[in-house]
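Remember, it's a predicted structure, so these values are computed and weren't measured experimentally. Below, chains carry the letters A, B, ... as their sequence lines are ordered, and counting in each starts from 1.
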Amino acid sequence: MDKYDHKTIEAKWQRKWEENKINVVDIEKAKKPFYNLWMFPYPSAEGLHVGHAFASTAADIYGRYKKLCGYDVFQPIGYDSFGIHSENFALKIGEHPKIFTDRAIKNYERQLRAMGHMDDWSRTVTTSDPIYYKWTQWIFLQMYKAGLAYRAKANVNFCPECKTVLSDEQVIDSKCERCSTEVTKKELEQWFFRITKYADKLLKNLDKLNWTEKIKLTQKNWIGRKEGRKIRFGDIEVFTTRVDTIFGATFVILSPNHPLAGKAKTVVNPATKKEIPVFVDEYVMDSVGTGAIMGVPAYDDRDLAFARKMNLPVVKAKLTDKVFGEKMITYHLRDWLISRQRYWGPPIPMINCSECGWQPVPEKDLPVELPFIEDYQPKGAGRGPLENYPEFYKTKCPKCNGPAERETDVSDTFLDSAWYELRYPSTNFKNVPFDKKITKKWLPVNMYTGGPEHAVLHLMYFRFVAMALFDMGYLPFAEPCERFFAHGMLVKNGVKMSKSKGNVVNPDEYIAKFGADTLRLYLMFMGPVENGGDWRDTGIAGMRRWVDRVWQVINQKLENLEEGTEGMLEANKLVKKAEEDVERRHYNTTISAMMVFINGIADSNKKVGRKTLEKFLIVFSMFAPHLVEELWEKLRGKDSVHSQKWPEAGKITTESSVVVVMINGKMRATVPAGNKETVERLAKEDPRVAKYLSGNDIQKVVFVSGKVINFVL
RNA sequence: GCAGGCGUGGUGGAAUGGUAGACACGCAGGGCUUAGGACCCUGUUCCCCUCAUACGGGAGUGAAGGUUCAACUCCUUUCGCCUGCACCA
C-alpha cells in the first residue's frame with residue numbers, strides 16, 4: 001500500500017473541489033441557508049500565521065458539520081485590506097499601500113486555499129476595492145442623512161506615531177491599538193457617528209444574543225450604563241449614584257473643564273442647608289455624569305483622601321431615603337470618531353462649500369475614488385495626505401455649484417468591516433450594497449467566529465451599523481449575527497506570538513512538511529477552541545504519526561472489506577460524541593474518540609464493516625477533508641464524502657456492562673451489571689467486598705442501575 | 001476598586017454528582033534494524049508493602065470547611081493566576 005502522500009492528495013482534491021464547485025452555494029436557490037462566517041483577515045506582510053489557521057479551521061469544521069447536517073452552508077472569505085493595519089506594513093517596507101496590498105492578498109489567497117477550507121471563493125470581498133468602498137461611502141451618507149453622522153470639535157485621541165486620531169475603542173491602556181504608542185489628546189474638528197444614540201439598544205439586545213458570555217459582558221462594561229441622580233447644589237449640578245449619603249456631603253468638586261471651575265466658591269447642600277466649599281480637582285472627570293460631584297468623605301475613599309489632603313471635615317451622617325434631584329443616566333460609551341488623517345481608506349464623501357457649508361456627495365457620484373498618489377505618508381498636522389492633492393479635493397458644491405473642497409480625511413477601517421457581512425451574499429449586485437431578498441434569506445449571520453479582542457471594536461460597530469440600517473428601513477433585522485463564538489489565543493511555547501519577539505509561526509512550512517489535514521488536526525486537538533492553545537513543533541509531528549496510522553489502518557480494512565461488527569459501537573459513540581462536541585467546539589475530545597476508534601480496529605485480524613467505516617470517515621472528514629476524500633474514493637468510487645448525510649448514531653448501550661461496588665463511597669470492586677438483587681448478591685460474594693462487610697452492619701444500600709452500588713456501613 | 005474566568009501528572013488536556021488522569025505529547029525499557037530514524041510492544045500521579053513481580057493498602061484535582069450514600073464537579077471561606085472596565089462619583 002502507498003505511503004500517505006499529503007502533497008499529492010491535498011493538491012489533487014483542492015483542484016477537484018474547485019473544478020466541481022463543491023463549495024459554491026447557489027445563493028438564489030438554496031433551500032436551507034446557513035451563513036457561517038469567520039472574521040476576515042487584514043493582509044499583512046508576514047502573511048497568514050497559525051493563529052489564523054487555528055481560528056479558521058475551528059470555523060470550517062463547524063461549517064462542514066452543518067453541511068453534513070443538510071444545510072446549504074455559505075462560508076465566504078475576503079480581505080479587510082483598507083486601513084492603518086495594512087498601511088503601516090506598507091509604510092514600513094516603503095511600498096505603496098495599493099501595490100503592497102494587492103501582493104499581500106495574493107499571498108493570503110494562496111495560504112488560505114492551502115488550508116483546504118470549504119470557503120466559497122466565488123464571492124470574495126475586498127474592502128479596498130472601489131466596487132466595495134463605494135458602498136462604505138454610501139453607508140456614511142445614509143448615516144449623515146439620518147442625523148447619525150456629524151462634525152464636531154472635540155478633545156480627541158491622537159496617535160503621534162500613526163499621525164491620526166483614534167476612536168476611544170482603539171485606545172488600549174492609553175496606547176494606540178495598532179502601534180502601542182502613548183496616545184495624546186488634541187482639540188480637533190472631526191466626523192463622528194452617533195453610536196451613543198443606540199447605547200440602550202446595544203445593551204438591551206445583548207440579553208437575546210447567543211454569544212460567548214465574556215464578549216457580552218465586555219460590551220456591557222464598555223457601554224457602562226449607570227443610573228443615578230442629578231442634584232442641584234446652588235448653580236452646580238452634581239451626579240451621584242448614592243443620594244442616600246447626601247447628608248455627609250461636605251464639599252463639591254468640579255472637573256477642571258467644568259464651566260464653573262474656579263468661579264464658584266461655595267454652594268449650599270440642599271439636604272443640610274449648609275454652605276460648603278467648591279473645589280476643582282482632576283480626579284473628577286469631565287466625561288462622567290455632570291463633571292461635578294458631591295464630596296462625601298465618610299462613604300467614598302477618594303473623597304476621603306481629598307478631604308484629608310485639604311483638611312476638610314468628615315461627617316458620618318445618617319443615610320436618607322429622601323429623594324433629591326432628578327433621575328439621570330450616564331454611559332461610558334462615546335460617539336464613534338471615524339475620521340482618519342491617513343491615505344489608505346475610503347475618502348469621506350463630504351464636500352465643504354464656503355457658501356453652503358458641508359454637503360454630502362450625491363449618491364450618483366459614488367464612489368469618491370481614492371487616487372493613486374506618490375506622497376502617501378501621514379503628515380500629522382491634523383489633515384490627511386490627500387490635502388496636498390488639489391486635483392482630488394478641488395470640486396464643485398453639489399448645492400450651489402460654486403467652488404468647494406472635498407474632505408481629505410478617510411474613514412476608520414472599522415467602518416469598512418462594519419457592514420461586510422451584508423455584502424458577501426450580494427457581491428453580484430452592482431446597483432445596491434445588498435439585495436433585499438437575498439439579505440432576508442441569508443442574514444442575520446447564523447454563526448460567526450472570531451477573536452475576543454474585537455469585543456468592543458468590530459463587534460460593537462457592526463451591531464451599531466446594522467441597528468441604524470434597520471431603523472432606516474434597509475434591513476429586516478437589527479442584530480447582524482445570531483451566534484458569535486470567540487476562540488482563544490494561540491501562543492508558542494507559552495509565550496504570545498509577536499513580530500517583535502520573532503516567534504510568529506507561519507503555517508506554510510508545516511503544511512509543506514506535514515500537510516494541511518495534520519495541521520488542522522493538531523490545532524484542534526490542543527484543547528477546547530475557546531481556550532486557545534500552545535503551539536509546539538513536537539506536537540504536530542506526533543499528530544502526523546497518527547494520521548499515517550489512520551491511513552495504514554483504513555487502507556488495510558478497505559483492501560479486504562468484510563461485514564464484520566468490529567468498531568461499530570465505537571463508531572456510534574463517536575458520532576454521538578461529535579454531535580455534542582461540535583456545538584461547543586470541544587473538537588479535542590472528538591479527535592480523542594476517533595483515536596479510540598482507530599486503536600480499537602487497528603489489529604489486522606479485526607473485520608470492520610462498510611457502514612462502520614463510513615460513519616468514521618464522515619466524522620473524520622470535517623477534520624481531514626483531503627485525506628478522507630481520498631479514502632472515500634477508494635471506498636465508494638464516485639461521490640464525495642463532503643456531500644454525505646450526517647450518520648445516525650444508531651443504538652448505543654449507555655449503561656456500562658459493569659457496576660462499581662463501593663463501600664462507604666470508596667470503590668472496591670466491579671461486578672457484572674444486572675438488577676439490584678443480582679448485583680447485590682454478586683457484590684456480597686466478591687471477596688474484595690466481603691472482607692469489608694464481615695463484622696459490619698449494612699445500614700443502607702444505594703443502587704444506581706448500570707452504574708454503582710454503594711454499601712453504607 | 002468593580003465585574004468575570006481559571007486552578008487536575010513532567011506537558012496539553014479528559015471526566016458536570018457515580019471507577020480521577022480518557023486521548024495524546026514527552027520520557028523510560030524492550031522488539032525490529034548493520035546503525036540511526038520510522039514502526040511495533042510495555043510502562044509512566046505520589047507513597048507504602050515486596051528481594052522482585054503479582055496481589056494488596058493509603059493519599060491525591062491550589063488550601064480549609066460544608067452538603068451528599070457518593071464531590072474535580074454543588075455551597076462557604078481563603079490563596080494564587082488570567083481577562084475586561086476604571087480616580088465611573
Side-chain angles (χ1 to χ4, degrees), chain A residues 3 172-173 212-226 228-229 231 238-243 245 249 252-253 255 281-285 287-296 299-303 305-306 330-332 452-453 455-456 486 488-489 493-494 521-522 525-528 530-546 548-549 552 577 586 588-599 602 656 658-670 687-688 691 698-713:
Chain A
K3 204 173 175 317
I172 316 284
D173 288 337
T212 301
E213 284 302 319
K214 199 174 70 178
I215 302 295
K216 297 210 287 187
L217 192 69
T218 303
Q219 290 207 349
K220 192 181 164 193
N221 288 340
W222 185 259
I223 295 166
R225 185 183 198 272
K226 200 167 289 161
R229 298 192 84 80
I231 306 168
V238 306
F239 175 74
T240 183
T241 54
R242 292 289 308 273
V243 197
T245 65
V252 162
I253 311 170
S255 88
D281 197 279
E282 283 182 347
Y283 89 83
V284 177
M285 291 187 301
S287 56
V288 178
T290 58
I293 62 161
M294 57 181 198
V296 189
Y299 294 99
D300 186 285
D301 289 346
R302 285 150 314 159
D303 293 349
F306 187 79
T330 71
Y331 299 89
H332 172 261
E453 69 275 12
V456 295
M489 193 173 56
N493 299 324
L521 280 160
Y522 169 60
F525 190 55
M526 289 190 294
E530 70 208 77
N531 292 359
D534 193 354
W535 176 278
R536 282 161 208 263
D537 285 3
T538 50
I540 189 166
M543 185 54 80
R544 173 57 198 237
R545 282 203 290 276
W546 184 70
D548 283 333
R549 186 170 146 91
Q552 290 275 332
K577 184 94 184 104
H586 286 208
N588 55 326
T589 44
T590 305
I591 295 171
S592 161
M594 294 193 296
M595 289 170 168
V596 170
F597 173 82
I598 290 295
N599 287 345
S656 141
V658 292
V659 166
V660 171
V661 184
M662 288 176 161
I663 309 291
N664 289 335
K666 280 203 187 301
M667 185 264 193
R668 294 299 172 189
T670 56
R688 290 169 297 181
K691 72 177 181 185
I698 299 172
Q699 293 183 355
K700 195 173 172 184
V701 179
V702 180
F703 178 72
V704 182
S705 183
K707 283 188 175 165
V708 76
I709 186 162
N710 190 12
F711 294 97
V712 185
L713 305 182

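For the C1' atoms, the distance linking B:A22 with B:U45 amounts to 15 Å, nearest Å. Distance noted for atom P between B:C41 and B:G58: 34 Å (whole Å). One C1' atom belongs to B:C79, the other to B:G62, and the distance between them is 8 Å to the nearest Å. Nucleotides B:G37 and B:C49 are separated by 42 Å at their C1' atoms, to the nearest Å. Nucleotides B:U34 and B:U42 are separated by 26 Å at their C1' atoms, to the nearest Å. With both ends at atom C1', the span from B:U19 to B:C81 equals 32 Å, rounded to whole Å. Only the P atoms considered, B:A20 is 12 Å distant from B:U61, to the nearest whole Å. Between the P atoms of B:A59 and B:A24, the separation comes to 31 Å (whole Å).
The distance between atom CD1 of A:I172 and atom P of B:A86, rounded to the nearest whole Å, is 10 Å. The interatomic distance linking A:I215 (CD1) with B:C85 (P) rounds to 11 Å, in whole Å. The interatomic distance linking A:M594 (CE) with B:C23 (P) rounds to 15 Å, in whole Å. In this structure, A:I293 atom CD1 and B:C88 atom P are separated by 9 Å, rounded to whole Å. Rounded to an integer number of Å, the gap from CG of A:L217 to P of B:C85 is 11 Å. Note: CG (A:D303) to C1' (B:G1) measures 14 Å, nearest angstrom. Taking atom CG on A:D173 and atom P on B:A86, their separation rounds to 8 Å, with Å as the unit. Atom CZ in A:R545 sits about 5 Å away from atom P in B:C25, given to the nearest Å.
Taking only side-chain atoms of A:W222, from C-beta outward, the nucleotide of B:A86, B:C25, B:A89 with the closest atom is B:A86. In the set B:C25, B:A89, B:G13, the nucleotide with an atom closest to the side chain of A:M285 is B:A89. Here the nucleotide nearest the side chain of A:H332, chosen from B:A89, B:G12, B:C85, is B:C85. In the set B:U19, B:A24, B:A59, B:U19 carries the atom at the smallest distance from any side-chain atom of A:M662. Looking at the side chain of A:P528, the nearest of the listed nucleotides B:A89, B:C23, B:G13 is B:G13. Comparing B:G84, B:A89, B:A15 by their nearest atom to the side chain of A:T218 picks out B:G84. Among the nucleotides B:U19, B:C23, B:G18, the one closest to any side-chain atom of A:V708 is B:G18. Proximity note for A:T589 (side chain, C-beta onward) versus B:C85, B:A14, B:G18: the nearest is B:A14. Listed nucleotides: B:C85, B:A89, B:A22. Nearest to the side chain of A:S592: B:A22. Distance from the side chain of A:M526 is smallest to B:G12 among B:C87, B:G13, B:G12.
When both distances must be under 3.5 Å, the Watson-Crick or G-U wobble mate of B:C72 does not exist. Applying the Watson-Crick and G-U wobble criteria (two distances, each under 3.5 Å), B:G1 pairs with B:C85. Under the Watson-Crick or G-U wobble criterion, with both distances below 3.5 Å, B:U34 is left unpaired in every strand shown. Pair check for B:U50 finds none; no Watson-Crick or G-U wobble contact set falls under 3.5 Å. Pairing of B:U67, defined by two Watson-Crick or G-U wobble distances under 3.5 Å, is not identified with any nucleotide. Across all strands shown, B:G7 forms a Watson-Crick or G-U wobble pair, both distances under 3.5 Å, with B:C79. In this structure B:G12 sits in a base pair with B:C23, meeting the Watson-Crick or G-U test at under 3.5 Å.
At the heavy-atom level, A:V288 lies under 4.0 Å from base atoms of the strands shown. Across all strands shown, A:K226 has heavy atoms under 4.0 Å from base atoms, whether or not it also approaches the sugar-phosphate. Across all strands shown, A:F525 has heavy atoms under 4.0 Å from base atoms, whether or not it also approaches the sugar-phosphate. At the heavy-atom level, A:D301 lies nowhere under 4.0 Å from the strands shown. Among the heavy atoms of the strands, none lies under 4.0 Å from A:V456. The residue A:R544 sits apart from the nucleic acid: no heavy atom pair falls under 4.0 Å. A:V660 comes within 4.0 angstrom of a base, heavy atoms only.
Toward the 5' end of RNA chain B, the nearer of the two residues A:T330 and A:G527, judged by each one's closest nucleotide, is A:G527. For A:M667 and A:R536, each mapped to the nucleotide of RNA chain B holding its nearest heavy atom, the one lying further toward the 5' end belongs to A:R536.
Between the CZ atom of A:R544 and the OH atom of A:Y522 there is a distance of 16.0 Å, given to the nearest 0.5 Å. Note that CD1 of A:I709 is 13.0 Å distant from OG1 of A:T670, once rounded to the nearest 0.5 Å. A:R225 CZ to A:H332 NE2: the interatomic distance, rounded to the nearest 0.5 Å, is 16.0 Å. Remark: A:W535 CH2 to A:M526 CE distance equals 7.5 Å, nearest 0.5 Å. Rounding to the nearest 0.5 Å places CD1 of A:I223 at 6.0 Å from CD of A:Q219.
A donor and an acceptor atom never sit less than 3.5 Å apart when one is taken from the side chain of A:K700 and the other from the base of B:C69. For A:N710 against B:C69, a side-chain N or O and a base N or O form a donor-acceptor pair under 3.5 Å.
In this structure, B:G12 shows a glycosidic angle more than 90 degrees from zero, which is the anti conformation.
Without hydrogens or angle criteria, A:T240 side chain to A:R242 main chain gives a donor-acceptor distance under 3.5 Å. At distances below 3.5 Å, not a single donor-acceptor pair connects side-chain atoms of A:S592 with backbone N or O atoms of A:N588.
Here A:N664 does not reach the OP1 or OP2 of B:A70: none of its side-chain N or O atoms lies under 4.0 Å away. Checking the phosphate oxygens (OP1, OP2) of B:G1, no side-chain nitrogen or oxygen of A:R302 falls inside 4.0 Å.
The minimum heavy-atom distance between A:F525 and A:M543, with the atom names listed, is CB-CE, 3.6 Å.
For the pair A:V702 and A:V708, the minimum side-chain heavy-atom distance is 4.5 Å or more.
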